Amino acid sequence: MKDKTKMFKIVILSSGKSRGSNFQAIAEYISNNNLNIQISFLVITNPNAPIIKRAERLGIKYYLLNKKNLQKEHLSFEEKLEILLEQHKVNLIVLAGFMRKLSSDFVYKHKKRIINIHPALLPKYGGKGMYGMRVHKAVFDAKDDYSGVSVHYVNAEYDTGKIIKQEKVCIKGLNSPEEIAEKVLKIEHRLYPEVIAELAENIIHYQDGSW
Ligand code: GAR
């Protein structure tokens, strides 16, 4: 039995009709490698998001932070999130299919504790409106030979935080944005959990686990 007080705790933030494939890849990597990392909870913003089914299958608690629920509590999205982070003593905030911008106050408070994955080689194909298939379409239209995956810290601007790790992939000869997406997603599913595991190792070493 793992000592839960020594777990490195992460939260996954998703938004809209998130598919949740990275969320699942992270959960499975943690469990397959028996890591001392716990997904404390998942945040969703839409009750119809497919990611919910994955959370239920994996037995991971999720919170629906949509307008209706937040209004009931008279809280903003970030106010509610702060309460949950504090309650769960979370160490790292992991954005996976989270397409919103976090405020500069929130990002500053959690500096170097928020990471994101982007399906291209930043700084290319990043910024407002560049997410999901839009990224792969832009890469395809530019006839690039390479695309890739970037995992980066989150700051108050879209996709401009310090890059933690990138992996390049050859897309020469692929015939559609969908084919690029498929090849890139496979890398995402391996790279994101690896980065989280590395951060957990380093951060656990230097701090006492409190948020
Ligand atoms: C992933 O491809 C991720 O890189 C991308 O959204 C997809 C989410 O898929 N994120 C962005 O484009 C961020 N700008 P998932 O819900 O199956 O993990």
Side-chain angles (χ1 to χ4, degrees), residues 10-31 39 41-58 60 62-66 77 92-103 106-107 114-142 144 146-169 171 174 176-197:
I10 67 173
V11 54
I12 310 278
L13 300 193
S14 71
S15 68
K17 291 207 171 167
S18 181
R19 174 179 57 183
S21 73
N22 276 291
F23 161 64
Q24 181 169 340
I26 294 164
E28 286 174 352
Y29 184 89
I30 292 170
S31 140
I39 302 180
F41 61 95
L42 162 75
V43 167
I44 58 166
T45 64
N46 185 319
N48 301 315
I51 195 170
I52 294 178
K53 290 264 172 300
R54 299 188 198 249
E56 285 168 351
R57 267 202 308 273
L58 292 159
I60 294 172
Y62 65 86
Y63 292 95
L64 172 61
L65 270 57
N66 64 353
F77 177 85
L92 184 72
I93 301 167
V94 175
L95 311 192
F98 184 77
M99 310 304 181
R100 297 180 174 192
K101 204 160 157 187
L102 294 163
S103 74
F106 184 89
V107 166
I114 315 174
I115 61 172
N116 181 42
I117 190 159
H118 188 78
L121 294 171
L122 291 174
K124 282 174 90 179
Y125 307 110
K128 194 172 184 330
M130 280 304 235
Y131 56 82
M133 280 310 294
R134 293 183 186 203
V135 177
H136 303 301
K137 186 163 185 322
V139 173
F140 182 74
D141 290 345
D144 285 0
Y146 290 90
S147 188
V149 177
S150 307
V151 178
H152 63 95
Y153 286 112
V154 172
N155 61 13
E157 298 307 320
Y158 284 109
D159 304 322
T160 57
K162 193 172 173 353
I163 291 168
I164 304 168
K165 212 169 220 183
Q166 273 187 326
E167 193 169 312
K168 203 170 165 183
V169 63
I171 52 165
L174 297 188
S176 65
E178 287 74 18
E179 284 185 22
I180 299 176
E182 197 185 326
K183 197 159 185 187
V184 167
L185 193 63
K186 279 201 186 115
I187 298 173
E188 293 187 46
H189 291 167
R190 177 174 44 75
L191 196 70
Y192 214 10
E194 280 175 11
V195 169
I196 292 166

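Please read all numbers here as calculations on a predicted model, not as lab measurements. One-based numbering, in listed order, for ligands and for the atoms of each.
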Checklist entry - Which atoms of ligand 1 are found less than 4.0 Å from any heavy atom of Met130? => result 14 (N)
Item to check | Distance (rounded to the nearest 0.5 Å) between Tyr62 OH and Phe23 CZ | outcome: 10.5 Å
Checklist entry - Nearest protein heavy atom to atom 15 (P) of ligand 1, by residue and atom, and its distance? => result Ser21 N, 3.5 Å
Checklist entry - Quick one: nearest non-hydrogen protein atom to atom 5 (C) of ligand 1, plus distance? => result Pro119 CD, 3.9 Å
Next on the checklist: For a quick test of reading the model, state the closest non-hydrogen atom pair linking Ile44 to Ser14 and the distance between them.
Outcome noted: CG2-OG, 3.6 Å
Checklist entry - More than 12 non-hydrogen atoms from neighbouring residues, nucleotides or ligands closer than 6.0 Å to NZ on Lys137, yes or no? => result no
Checklist entry - Does the pair Asp159/Lys128 count as a salt bridge with the N-to-O cut at 4.0 Å? => result no
Next on the checklist: I need the nearest protein heavy-atom contact for atom 14 (N) of ligand 1: residue, atom name and distance, please.
Outcome noted: His118 ND1, 3.2 Å
Next on the checklist: With a cutoff of 4.0 Å, is Met99 in contact with ligand 1, counting heavy atoms of the residue only?
Outcome noted: yes
Next on the checklist: Can you name the atoms of ligand 1, numbered from 1 with element, that are less than 4.0 Å from a heavy atom of Ser18?
Outcome noted: 16 (O)
Checklist entry - For Tyr146, is the NZ or CZ atom of Lys168 found under 6.0 angstrom from the centre of its six-membered ring and inside 45 degrees of the ring axis? => result yes
Next on the checklist: Using a 4.0 Å cutoff against the non-hydrogen atoms of Glu188, which atoms of ligand 1 qualify?
Outcome noted: 1 (C), 2 (O), 3 (C), 4 (O)
Checklist entry - Please state which protein non-hydrogen atom is closest to atom 12 (O) of ligand 1 and give its distance, to 0.1 Å? => result Gly132 N, 2.9 Å
Item to check | Residue, atom name and distance, where the atom is the protein heavy atom closest to atom 10 (N) of ligand 1 | outcome: Ile117 O, 3.7 Å
Checklist entry - Nearest protein heavy atom to atom 9 (O) of ligand 1, by residue and atom, and its distance? => result Arg19 NH2, 3.1 Å
Checklist entry - Is Lys186 atom NZ crowded by more than 12 heavy atoms from other residues, nucleotides or ligands, each under 6.0 Å away? => result no
Checklist outcome for this item: When every non-hydrogen atom of Ser147 is compared with those of Ile180, the smallest separation belongs to CB-CG2, 4.4 Å
Checklist entry - When rounded to the nearest 0.5 angstrom, what distance separates CG in Leu174 from NE2 in His136? => result 11.5 Å
Item to check | Close-contact set for ligand 1 against Gly20 heavy atoms, below 4.0 Å | outcome: 15 (P), 16 (O), 17 (O)
Checklist outcome for this item: atom 8 (C) of ligand 1 has as its nearest protein heavy atom Gly97 CA, 3.8 Å
